[in-house]
A.B. asks: 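I'd like to ask some things about the structure below.
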Amino acid sequence: MTQDTPTDEDGGMNRRTMLAATGGTAVAAALAGCSTLLGDSGTQAQADDADVPDEPIQAGLQTFTEGAAAVLGLQAQYGAELAVQRINDAGGIAGREMELETVHEADAHIENYTQFVDEGKEVTFGPISSGGHAALAPEVESQGVVNVSTDGTVTTLYEETVDDPTYSFRFQNYDVMECVTAAREAVSRFGAENIDTIAGINPNYAFGQDEWKFFELAMNKLVDGGVETVYEGFPDLGATDMSTHITEINNVEPDVTFSSQWGGDVTTMMNQAAANDMFDNTQLVGTVLYSAVDELERDVIESAEAVSGSRNWYWDFPNRSRWAPNGDTFSDAREEWDIVPTAHFMSGYGAVTAWATATAKLVDVIGGWPSQDQIARGLEGHGFYTPAGYHVMGTGHQGKSNAFSGRMEWSEDVGAAVLSDVNAYAPQEVSPPEGTTAEEWVNSW
């Protein structure tokens, strides 16, 4: 479980503690969300003496900027833009400001990355899509320009697709982590003795199939005697009619229905489920239902009483009054983009932060601007703060952070859904140890 921080004007940390915790650099403190603590750190003087180019850092981000997936793709873009803004407000990385170009990822993941490299980008971020990330990662290894993915969370990426990566990294927790979180939540909230049957409605591509596989596997391990799967449906990404799947759920009335639908697909599924009384016949548990928070109406939220994961960040846990970086980031997102920020906002913010804090630290260590190889090695095992807490980029290039889940409720104060009764799970509770595949780990329970 994460630990709440005592209240004070800097969110529970004084200047000395914060600078020490972030590695002593102004940009690291700014990205942790504590800009009020910036100032005369000694490490900034070291950076001033380093051999660093004069020109701004050129960076590229691919994410969904249009269509149903833009519900969360734009969140990632806004998060990345806020991180860049905070870097530049803090004086840049060793004096170099960042310039970020964003393109629509569509189905052109390799083409987008190659174009960024040809344009001289020093780092790239994204994509959102799991299938796109699996296609992109080998190209990143071939081209040798570091990419830190915002999402693209398919479990097999660093187990099979690129099992010995050098330049490809992923900030966001991956599928097995949020599926095990969802399974533990279902058993904890409703009782293993009350769950005999499960069903699934998941998107029909690598991500949805991967998430359903690990939820089903985990439930069969967590419930004595196992569970019976009574329905599994895979609507196409962006489908406008999910009535067939909802009718099937109503016919079989499973104790728990699991869904990894995200963004606009959540809105479609939950609106049609509410209209056809599906929530009277099953309990909905999802991994990223909250990704549609800005699109869901009050009557749908109240009828569903759904349980949703929130990947590695929920903006009010710890409470904003007790952890100022959460409160400041929530306020910035509301004021600048008029949104309730989600875990995908943090995936954009965190991907930039991982690269920026590792690079700033390397400038201090080597006394000059690091090469792509040096940045790649510096990211391995790198720990850093964001408003979401403390993150570690594993030696296997997979970021691991606390995973969050709570019940979706309507809030008059926010004018949207919030998560109540939030639980946090440490990475050790929901992910395999380094060197063990996710399937081996779950099967070992």
Side-chain angles (χ1 to χ4, degrees), residues 1-8 10-13 18 21 31-34 72 75-76 78-79 82-83 151 171-173 177-186 188-189 262 285-294 296 301 305-334 339-350 353 383-392 399-431:
M1 297 286 288
T2 56
Q3 183 176 2
D4 286 358
T5 307
T7 301
D8 69 33
D10 289 319
M13 281 190 174
M18 191 65 220
L31 288 166
C34 295
L72 58 80
Q75 289 254 358
Y78 300 153
L82 180 61
D151 296 273
F171 168 75
Q172 188 58 268
N173 290 347
M177 298 178 72
E178 56 192 16
C179 293
V180 170
T181 296
R184 292 195 187 283
E185 282 284 277
S188 173
R189 290 178 185 273
W262 50 272
V285 174
T287 48
V288 281
L289 300 174
Y290 197 69
S291 62
V293 60
D294 291 296
L296 294 170
I301 292 295
E305 297 183 338
V307 173
S308 175
S310 191
R311 296 204 155 173
N312 63 16
W313 181 53
Y314 177 59
W315 51 266
D316 200 30
F317 189 92
N319 184 273
R320 287 169 290 157
S321 66
R322 303 189 68 198
W323 179 231
N326 257 349
D328 292 345
T329 302
F330 179 82
S331 297
D332 286 348
R334 297 280 279 180
I339 58 169
V340 176
T342 68
H344 295 86
F345 187 95
M346 187 52 60
S347 70
Y349 188 100
T353 301
F384 55 99
Y385 280 94
T386 74
Y390 191 69
H391 311 263
V392 174
K400 292 186 178 181
S401 316
N402 290 325
F404 301 97
S405 185
R407 188 177 286 279
M408 294 173 71
E409 292 183 351
W410 186 260
S411 167
E412 285 290 350
D413 289 340
V414 177
V418 297
L419 293 182
S420 67
D421 190 21
V422 175
N423 292 314
Y425 296 82
Q428 297 89 334
E429 297 178 271
V430 293
S431 67

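Note that the coordinates shown come from a computational prediction; the quantities given were computed from them, not determined experimentally.
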A.B. asks: Can you see which heavy atom on Thr353 is nearest to which on Ala83, and at what distance?
C.D. replies: OG1-CB, 4.3 Å

A.B. asks: Roughly how far, to the nearest 0.5 Å, is the CG atom of Asp421 from the CZ atom of Arg189?
C.D. replies: 4.5 Å

A.B. asks: On a heavy-atom basis, which atom in Val293 and which in Val340 lie closest, and how many Å separate them?
C.D. replies: CG1-O, 3.9 Å

A.B. asks: How about Leu419 and Met408: do any of their side-chain heavy atoms sit closer than 4.5 Å?
C.D. replies: yes

A.B. asks: Give, for atom CZ of Arg334 and atom OG1 of Thr329, the distance between the pair rounded to the nearest 0.5 Å.
C.D. replies: 14.0 Å

A.B. asks: Out of the candidates Phe404, Phe345, Tyr290, only one should pair with Tyr314 under the ring-ring contact (aromatic ring centres under 6.0 Å, His included) rule; please name it.
C.D. replies: Tyr290

A.B. asks: Enter the distance from Asp151:CG to His344:NE2 here, rounded to the nearest 0.5 Å.
C.D. replies: 4.5 Å

A.B. asks: A side-chain contact here means heavy atoms from C-beta on lying under 4.5 Å apart; do Met177 and Pro427 qualify?
C.D. replies: yes

A.B. asks: Going from OH on Tyr425 to CD on Glu185, what distance comes out if it is rounded to the nearest 0.5 angstrom?
C.D. replies: 3.5 Å

A.B. asks: Between the side chain of Arg311 and the main-chain N/O of Val288, is any donor-acceptor distance below 3.5 Å?
C.D. replies: no

A.B. asks: Tell me the closest heavy-atom pair linking Tyr349 and Pro387, and the distance in Å.
C.D. replies: CE2-CD, 3.5 Å

A.B. asks: Could you report the tightest heavy-atom contact between Phe317 and Ala424, atom names first, then the distance?
C.D. replies: CE2-CB, 3.9 Å

A.B. asks: Using a 6.0 Å distance limit plus a 45 degree cone around the ring axis, check whether Arg320 lies over the aromatic ring of Phe330.
C.D. replies: yes

A.B. asks: Which atom pair, heavy atoms only, marks the closest approach of Ser401 to Asn173?
C.D. replies: N-OD1, 3.0 Å

A.B. asks: To the nearest 0.5 Å, what is the distance between OH (Tyr78) and OG1 (Thr342)?
C.D. replies: 11.5 Å

A.B. asks: Do you know the tightest heavy-atom contact between Thr287 and Ser308?
C.D. replies: O-OG, 4.2 Å

A.B. asks: Report the relative orientation of the aromatic rings in Phe171 and Phe384; use parallel for angles under 30°, tilted for 30 to 60°, perpendicular for over 60°.
C.D. replies: tilted

A.B. asks: May I ask you to check whether Ser411 and Asp413 show a side-chain donor-acceptor distance below 3.5 Å?
C.D. replies: no

A.B. asks: For the OG atom of Ser420 and the CG atom of Asp316, what is their distance to the nearest 0.5 Å?
C.D. replies: 11.0 Å

